[in-house]
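Report on the structure given below.
Atoms considered below: every heavy atom in the structure, side chains included; atoms not considered: hydrogens, waters and symmetry mates. The structure displayed is predicted, hence computed values, not measured ones.
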Amino acid sequence: MSLSTKYSPSEVEGKWYKHWMDKGFFHSEPNPAKEPYCIVIPPPNVTGVLHMGHMLNNTIQDVLIRKARMEGKEACWVPGTDHASIATEARVVAMLREKGIKKSSLSRDEFLKYAWEWKEKYGGIILEQLKKLGASCDWERTSFTMDPHYYSSVIRVFVDLYNKGYIYRGLRMINWDCEANTALSNEEVLYKEDGERSVLYSVRYKIKDSKDYVIIATQRPETIMGDVAIAVNPSDERYKKLIGKKVLVPFINREIPVIADDYVDKTFGTGCLKVTPAHDVNDYEIGLRHNLQVIDTLNDDGTLNEKCEIPKFYGKDRFVVRKEMVKDLREAGDLMKEEEFITRIGRSERTNTVVEPKLSLQWFVKMKEISRKAYQSVEEDEIKLHPAKFKNTYRHWMENVRDWCISRQLWWGHRIPAYYAPDGTFAVAETEAEAHKILKSQIPNLKSEDITQDPDVLDTWASSWLWPIEVFNGFSDEYFDDVKGKINVAKNKELAYYYPTNVLVTAPEILFFWVARMIIAGYEYMDQKPFGDVYLTGIVRDKQGRKMSKSLGNSPDPLDLITNFGADAVRTGMLFSSPAGNDLLYDEKLVEQGRNFANKIWNAFRLVKGWEVDSSLSQPEENKTAITWLESKINQSLAELEDHFGKYRMSDALMSIYKLIWDDYCSWYLEMIKPEFGKPIDKVTYDKTVSFFETLLKALHPFMPFITEELWHGIKDRQENDCIIVGSWPKAGSSINNSILEEGSIAFDLIAQIRNARNAKG
RNA sequence: GGGAGUUUAGCUCAGCUGGUUCAGAGCAUCUGCCUUACACGCAGAGGGUCGGGGGUUCGAAUCCCUCAACUCCCACCA
């Protein structure tokens, strides 16, 4: 037999993946005779291509799902993608810009047509790449967060939460890009690391009916006309007597009160703060506490409007006005001091313009009450986080949970189902017709063509938080009880069977964005947690500990790696050094180690396969000893393996089987029973050796699915349905002969002796 | 600024409720070997006052205090 000394993964991987698919091994249906084991994939962005983070994440999921499948469970891994509103919209806008098309020149429908085309073209790439990794997903169940049924589920949930009183419309400071004329999410606002130089101006305000002044410090004199109060710290002796007095705003002489608020820092500037609720987040909140007026002096494009009350500034850019204000203040003798200082200024990621805090109407979910059960369930270990340290982080977030702003000023996403009459009255309903009906009861002569739908879409997470329920169609008409606002679980066979899912494998940075919210939605709609365990992976970094990123160019292309080393090698490479919650410092050496391991197994196979068996030979005594020893060793290691799996210690689990195969099976056992060159082996030993091999291949299969399947079929003739992927998971036997495993014991020494003799001979 | 976490061999990490598998593993390193399964390999070897300091204890990598360094999350200062 002439098999290459090098294992070549490319020749076997595609073949087996196809075989598994053809045989339907990935597909799962509710089966009362079997225990379910379900994982829903964290849906990657449709914009995405596979990166190293996905590799780690999905390898872990595949390992878990394959093991469950072998354990005879009904294993179901649901794949899919996320529409990722911000990221995708940005991508499509960029693509259009390259073609010379401006988003602003398109209608909403035209833009969405482009977006869908884009999605159809690129949205499936990442799933195809997952197949190369060996991911054994139930592809028939692939979902997308903007599939028609998913879309209507999201809308239905919005309406339901609105009717339950959890959703409200309120004012909120958002980041506004004056150049692009759009709102930005916090993620799109960048700060320079060392801050930026700016000037702090000290301006005096006259105290009404007095000759005295009060001096305040500001970076933004152009907002002075929006001032509605001066705030001081209540414990500040310097200003106590001023509290309650009136002060005049320079130039416009508006009377504003001096108020006391703990927010004010006595040590900064003069200890007096001018309060401009329309142009600063904190000021806005002070305004709320003290019932202050909001005077918004800015237009959307960053110019001043007539609310500033100074006609010469109307229509002028805020930075021009700043300069002029400084000049005017100086001339009036009201500018007391100008000092340079370093401050952090937010700039738009897209246009680099200074971001303006802007007050606008947004939609919110009230979080306090709806999240109570989600808080408790993690607290009480009903849901377990791995590693457990994240429980602290989770608790901290839950205890300080803020209302969730779910509206986004974008087009790609689920459009908010709120409909407005011309006078601003609105109704929330699943369809425009229903909304019209509701509105008509208040405005009898309202025509349907006069109502308009809210232009905004929902935050991406406001769709993906339904993922573990929606992928099983939980919100469709058949199962959703809109009177109770609950899902009738008993009617939905799949939810009844697969939900709660077993484990969620995801990155810690989305613990709040996604994981916490899925838990909330689970209790709200299913009265039940969405999953029992949460495995939080680390971040994949490069050798120097830097995050992998496109701009650094330090991320290898996973598909190249698979081509060069094989999927099995890449999978084990990812797992060799990544305990839960720890960052993985990626080094190609790890993948090489995986490849070397595959090669080692391949050569063990070549050795065993090459032996000639003579059934007339009697079994040598020392082979008997070797067999008893290995049997004990295997049982011991399998027990260890199981323990590691139970604790989600994937690296340790892999290391157990790695050492068992390399050290114990290859280096010790095979060397001991190996017949002399050219001589046959007795049948008893041979059969036992093959059966050990099978056991080891099975235990390794979740980690290295391809080579194990290949050798499973190579070591013995088998039917095409007799595949290792559906083979039986090896259980640790009870026969652990500890005395034989202990160094120093008589038996162990005997084995060592035999081995040493063999080595010496070689 | 608020919170959490980490610090054990050159690197990545195990070490559960303090005491004979407590100083471990893999990789890397060094020394021999191209021995008909495998040099993507074999056989062997070296390497750490468990971040610093203090304390509790008969006894601490393991518990307490303190200092230092690093990481992450959240909020952001007129």
Discussion item. Let's test your reading of the model: under 3.5 Å, does the base of B:C27 pair with the side chain of A:K589 as donor and acceptor?
Written reply: no
Look at the side chain of [X] and decide which nucleotide, out of [options], has an atom nearest to it.
X	options	answer
A:K600	B:C42, B:A14, B:G26	B:C42
A:S667	B:A43, B:C38, B:A14	B:A43
A:N596	B:C77, B:G41, B:A43	B:G41
A:T393	B:A25, B:A4, B:C38	B:A4
A:F268	B:A78, B:C74, B:A43	B:A78
A:K659	B:C77, B:A25, B:G2	B:A25
A:H396	B:G2, B:A43, B:A14	B:G2
A:E671	B:G26, B:C38, B:C76	B:C38
A:R595	B:C40, B:G5, B:A37	B:C40
A:Q593	B:A37, B:G15, B:G26	B:G26

Item to complete: Considering only NZ, NE, NH1 and NH2 on the basic side and carboxylate oxygens on the acidic side, decide whether A:E222 and A:K323 come within less than 4.0 Å.
Response: no
Item to complete: May I ask you to decide whether A:K647 forms a salt bridge with A:E642, counting only side-chain N to carboxylate O separations under 4.0 Å?
Response: no
Item to complete: For A:K389 and B:U7, give me the distance from atom NZ to atom P, rounded to whole Å.
Response: 9 Å
Worksheet item: Atom CH2 of A:W668 to atom C1' of B:C38: distance rounded to whole Å?
Response: 19 Å
Worksheet, complete the sentence: B:C77 -> Watson-Crick or G-U wobble partner, both distances under 3.5 Å, gives none
Worksheet entry | Charged tip of A:K266 within 45° of A:F268 ring normal and under 6.0 Å | no
Worksheet item: Syn or anti for B:U57, with syn set at within 90° of 0?
Response: anti
Item to complete: Have a look at A:Y658 and say if it touches a base, only the backbone sugar-phosphate, or nothing, with a 4.0 Å heavy-atom cut-off.
Response: sugar-phosphate
Discussion item. If we count only N and O atoms by modelled type, under 3.5 Å, do the side chains of A:D663 and A:Y658 hold a donor and an acceptor together?
Written reply: no
Worksheet item: Between A:K659 and A:S637, do the side chains contain an N or O donor and an N or O acceptor separated by less than 3.5 Å?
Response: no
